[in-house]
Protein chains: 2
Amino acid sequence: MFELDIRSRKPIYEQLVERLKELIITEVLKSDEQLPSVRTLAQQLTINPNTIQKAYRELEIQGYIYSIKGKGSFVSPASPKPDTEKLLKVKNELIKLLSEAMYLGMTVDELFKIIKDLEASVGGGMENDQN
Amino acid sequence: MFELDIRSRKPIYEQLVERLKELIITEVLKSDEQLPSVRTLAQQLTINPNTIQKAYRELEIQGYIYSIKGKGSFVSPASPKPDTEKLLKVKNELIKLLSEAMYLGMTVDELFKIIKDLEASVGGGMENDQN
DNA sequence: TACAGTGTACTACGACTCATAGTACAGTTA
DNA sequence: TAACTGTACTATGAGTCGTAGTACACTGTA
């Protein structure tokens with residue numbers, strides 16, 4: 001289910017957060033779908049349950065999942081509220097990264113193409129398109 | 001010259017790398033311009049010289065500055081070589097971040113606008129002028 | 001009711017990173 | 001020579017990361 005790099009400088013729980021976020025955003029994991037339990041996933045990945053739980057807690061704080069004691073952890077419905085604070089953070093990071101990409105020689109057209117390609121795969125807020 | 005958050009979870013030297021990279025990309029710091037010396041900047045920011053040097057070393061590895069023993073550290077000329085490896089890394093990060101932004105409700109038009117606005121302020125690779 | 005599964009909380013430990021402090025060496029410039 | 005520059009190294013304290021173990025509260029089912 002996952003590819004984690006144990007010896008990466010990036011903490012395991014952060015890698016987990018990234019991966020899961022990706023699966024949620026691309027709707028591989030759908031709304032209210034149950035995630036593997038902390039202990040199950042820990043066993044699958046041969047990783048300590050505490051590390052998994054740290055990742056789940058972070059995802060819950062960020063609003064991507066919700067957990068119910070005794071039942072399990074589930075994917076949150078996609079952006080019911082705009083969450084402007086979070087959006088602003090992402091936007092600022094985006095500006096940094098876009099600047100760097102352009103500085104390194106990426107053209108505006110290339111960037112436009114990337115965005116258009118992503119538009120299809122990302123399950124956005126409104127979803128006012130008919131698939 | 002800088003605003004650093006000492007108590008941030010993000011290391012000081014990484015904040016420094018980000019800030020300086022930003023100044024170089026936006027050409028506030030121009031090609032071959034000399035950066036403050038390790039000790040001077042350390043004194044200005046009331047930070048240990050070792051921390052500054054760590055940031056400078058990182059910037060040198062990433063190709064944004066070059067250092068000459070006994071003389072100082074200077075801004076590298078903008079992307080003479082494409083550096084496809086680095087570009088690929090940035091592109092992958094960009095895809096992640098763009099996906100997240102769109103998931104949070106940012107529209108394609110908004111993204112296009114951000115890019116167009118940046119186009120002016122970023123000193124890109126070719127700059128279609130011949131120096 | 002029991003029991004197995006779920007999330008959650010806490011302590012303790014070793015390994016690692018980060019920032020500081022101090023010292024030292026090599027090169028450049030006036 | 002003197003004052004500046006980058007660079008390298010050791011040592012220390014604070015903090016993070018991952019692991020290990022234990023414990024508690026809740027849910028669903030036999």
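Heavy atoms only: backbone and side chains are in, while hydrogens, waters and symmetry mates are out. Note on naming: letters A, B, ... go to the chains in the order of the sequence lines (proteins, then strands), and numbering restarts at 1 for each one.
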Looking for any heavy atom pair under 4.0 Å, which part of the strands does [X] touch: base, sugar-phosphate only, or nothing?
X     : answer
A:R9  : nothing
B:T40 : sugar-phosphate
B:R57 : nothing
A:E60 : sugar-phosphate

Rounded off to whole Å, could you give me the [atom1]-to-[atom2] distance for the [X] and [N] pair?
X     : N      : atom1 : atom2 : value
B:K69 : C:dG27 : NZ    : P     : 6 Å
B:N48 : C:dG22 : CG    : P     : 9 Å
A:Q43 : C:dG5  : CD    : P     : 11 Å
B:Q15 : C:dA19 : CD    : C1'   : 12 Å
A:L41 : C:dT6  : CG    : C1'   : 14 Å
B:L16 : C:dT20 : CG    : P     : 10 Å
B:Q34 : C:dT28 : CD    : C1'   : 11 Å
B:R39 : C:dA24 : CZ    : P     : 14 Å

Within 6.0 Å of [atom1] in [X], more than 12 heavy atoms from elsewhere:
X     : atom1 : value
A:K86 : NZ    : yes
A:Q43 : CD    : no
B:Q34 : CD    : yes

Okay, side chain of A:E93, backbone of B:L97: is any donor-acceptor separation there less than 3.5 Å?
-> no
Hey, does the side chain of B:Q15 reach the backbone of B:K10 with a donor-acceptor pair shorter than 3.5 angstrom?
-> yes
Mind checking whether B:V108 and B:M102 have side chains closer than 4.5 Å, heavy atoms only?
-> yes
Chain B reaches DNA chain D, atoms under 4.0 Å from its heavy atoms, from D:dT5 to D:dC9
Does B:I114 belong to the same Ile/Leu/Val/Met/Phe/Trp/Tyr cluster as A:L111, with side-chain heavy atoms less than 4.5 Å apart forming each link?
-> yes
Taking C:dT6, C:dT28, C:dT8 as options, the one with an atom nearest any side-chain atom of B:K71 is C:dT28
On DNA chain C, check which nucleotide each of A:N50 and A:G70 is closest to and give me the residue with the more 5' one.
-> A:G70
Does [N] have OP1 or OP2 sitting under 4.0 Å from an N or O in the side chain of [X]?
X     : N      : value
B:K54 : C:dC18 : yes
B:T51 : C:dT20 : yes
A:S37 : C:dT6  : yes
A:S73 : C:dT6  : no

Quickly, which of A:Y64, A:Y13, A:Y66 forms a side-chain contact (heavy atoms from CB on, under 4.5 Å) with A:L59? Name it, please.
-> A:Y64
